[in-house]
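One structure below.
In what follows, chains carry the letters A, B, and so on, assigned in the order in which the sequence lines appear, proteins first and then strands, with residues in each chain numbered from 1. Since we're looking at a predicted model, the values are computed, not measured.
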Protein chains: 2
Amino acid sequence: MQTIPEENIKDAAQGLRAIAHELRLAVLCHLKNGPMCVNELMEVTAASQSNLSQHLSKMRMMGIIVNDKRGQQVYYRIANPEFLSLVDVLRRIYCPEAYQGSLEGAKG
Amino acid sequence: MQTIPEENIKDAAQGLRAIAHELRLAVLCHLKNGPMCVNELMEVTAASQSNLSQHLSKMRMMGIIVNDKRGQQVYYRIANPEFLSLVDVLRRIYCPEAYQGSLEGAKG
DNA sequence: TCATTGCATTAGCAAATTATAATATACAAT
DNA sequence: ATTGTATATTATAATTTGCTAATGCAATGA
């Protein structure tokens, strides 16, 4: 398994910071099945409009998500599927309760 | 690919914050081949003693690394190998220059 | 044209983060 | 006992982050 060369550490750390927040991580998770507009994200995250908008803005500037306008709404989606791999690793680390093994775990 | 349930989002975000810093991410990368003491980490990261110590302390409190004293020195190592998977995903996202494909890339 | 809806932006403040400098502690050697 | 080495802790100041409230602006509909 390789490492991150020194010249890329800064970018990688910045990218991490763009996700290292409860609300932003939640947004990332909610977007895993496809684009959602701000209104929908407001509902599922229970965040205020302004607050959510600011976090979306940050995530967009940091390259985590991209958006496209459809009529009056703005739809956001994940910019790079690798961010879902990242979420998956987090799940393996921080969700010990969740079912994580292969199906043969049902054996016995 | 699964998501992180709401009840674990807070922990996961906290864990991310514990790595979302240039110096801390660099430390994590340097530890990938085994334990290192503070002096060694000071050399490779070029950080000041106090600064490094504080960051190590934070990473330890957040469960990223663990330490054990050997004589006068304190050796740190990665607490959970999954953190290396996390680094690997970061590398795939933020190191486009690095050689990332399989060996068959040499074909042709 | 006027009101409404969906979202972004700005301002302001509280809280968290980070770096430096100084001091403390533990161990080792003389 | 004293000195030196390795690391931790504390204090502090500067910067960044995050939330709320207020305002702006584009698209829609009456």
Side-chain angles (χ1 to χ4, degrees), chain A residues 6 9-31 34-79, chain B residues 6 9-31 34-79:
Chain A
E6 208 172 328
I9 285 277
K10 190 167 188 168
D11 283 350
Q14 269 207 352
L16 276 181
R17 253 180 285 133
I19 309 178
H21 183 277
E22 258 189 87
L23 180 52
R24 295 197 294 269
L25 182 57
V27 165
L28 188 62
C29 290
H30 280 294
L31 291 181
M36 294 177 72
C37 72
V38 181
N39 243 329
E40 293 169 332
L41 286 170
M42 264 180 65
E43 283 185 11
V44 296
T45 63
S48 82
Q49 187 272 315
S50 171
N51 194 18
L52 177 60
S53 186
Q54 289 179 66
H55 283 291
L56 289 172
S57 171
K58 181 164 203 163
M59 292 177 77
R60 192 171 52 78
M61 287 193 312
M62 305 292 264
I64 311 294
I65 56 181
V66 295
N67 62 354
D68 55 311
K69 253 182 155 143
R70 298 186 202 169
Q72 201 170 176
Q73 279 119 346
V74 178
Y75 279 79
Y76 285 89
R77 63 180 196 278
I78 298 177
Chain B
E6 207 172 329
I9 286 277
K10 190 167 189 169
D11 284 349
Q14 268 208 350
L16 276 182
R17 254 182 287 133
I19 308 179
H21 182 279
E22 256 189 270
L23 180 51
R24 295 196 295 270
L25 183 57
V27 165
L28 188 60
C29 289
H30 281 293
L31 290 181
M36 293 177 73
C37 71
V38 180
N39 243 328
E40 293 169 333
L41 287 169
M42 264 179 65
E43 283 185 11
V44 296
T45 63
S48 80
Q49 186 272 315
S50 172
N51 194 17
L52 177 58
S53 187
Q54 288 180 71
H55 283 290
L56 289 172
S57 171
K58 181 164 202 163
M59 292 176 78
R60 192 171 52 78
M61 289 193 309
M62 305 292 264
I64 312 294
I65 56 181
V66 296
N67 63 355
D68 55 310
K69 252 181 158 145
R70 298 184 202 169
Q72 203 170 173
Q73 279 119 349
V74 178
Y75 278 79
Y76 284 88
R77 62 180 197 277
I78 298 176

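Contacts of B:N51 classified as side chain to side chain donor-acceptor pair (under 3.5 Å), with partners at least two apart in sequence or in another chain: B:H55. In terms of the side-chain contact (heavy atoms from CB on, under 4.5 Å) criterion, residue partners of A:K58 (sequence neighbours excluded) are, by chain and number, A:R24, A:M62. The side-chain contact (heavy atoms from CB on, under 4.5 Å) test applied to A:A79 returns A:V66, not counting sequence neighbours. A:Q72 pairs by the side-chain contact (heavy atoms from CB on, under 4.5 Å) definition with nothing, not counting sequence neighbours. Every residue meeting the side chain to side chain donor-acceptor pair (under 3.5 Å) condition with A:Q54, not counting sequence neighbours, appears here in chain and number order: A:S50. Under the side-chain contact (heavy atoms from CB on, under 4.5 Å) criterion, B:D11 pairs with A:Y94, not counting sequence neighbours. With sequence neighbours excluded, no residue satisfies salt bridge (Lys or Arg N to Asp or Glu O under 4.0 Å) with B:R60.
Here C:dA21 presents its C1' atom at 11 Å from CD of B:Q54, a figure rounded to the nearest Å. A:L41 has its CG atom 9 Å from the P atom of C:dC7, to the nearest Å. For A:E40 and C:dG6, the CD to P distance is 11 Å, given to the nearest whole Å.
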Please evaluate residues B:D68 and B:R77 with respect to the criterion side chain to side chain contact (heavy atoms under 4.5 Å, CB included), reporting the C-alpha separation (whole Å), side-chain torsions for both, the decisive distance (0.1 Å), and the verdict. CA-CA 9 Å; B:D68 55 310; B:R77 62 180 197 277; 3.4 Å; yes

Using the rule given for side chain to side chain contact (heavy atoms under 4.5 Å, CB included), can you reason through B:N67 versus B:Y75, listing the C-alpha separation, both sets of side-chain angles and the distance that settles it, and then say yes or no? CA-CA 5 Å; B:N67 63 355; B:Y75 278 79; over 6 Å; no

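In this structure, the side chain of A:S53 does not engage the main chain of A:Q49 through any donor-acceptor pair within 3.5 Å. With hydrogens and angles ignored, the 3.5 Å screen pairs a side-chain donor or acceptor of B:E40 with a backbone N or O of B:C37.
In terms of phosphate contacts, B:N51 brings no side-chain nitrogen or oxygen within less than 4.0 Å of OP1 or OP2 of C:dT18.
For residues 12-22 of chain B, there are no side-chain hydrogen bond (donor to acceptor under 3.5 Å, both in side chains) pairs, not counting sequence neighbours.
Residues from residues 55-67 of chain A with heavy atoms under 4.0 angstrom of DNA chain D, sorted by number: A:H55, A:K58. Contacts between residues 11-29 of chain B and DNA chain C, counted as heavy-atom distances below 4.0 Å, involve B:R17, B:H21, B:R24.
Within the 4.5 Å cutoff, no side-chain heavy atoms of B:I78 are placed close to those of B:I64.
Within the nucleic acid shown, A:Y76 comes within 4.0 Å of sugar-phosphate atoms alone, with no base atom in reach, counting heavy atoms only.
Close approach of DNA chain D to chain A, defined as any atom under 4.0 Å from a non-hydrogen atom of the protein, starts and stops at D:dT17 to D:dT28.
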Walk along nucleotides 22-30 of chain C from 5' to 3' and tag each nucleotide B, S or - by protein heavy-atom contact under 4.0 Å, base first, then sugar-phosphate. B----BS--

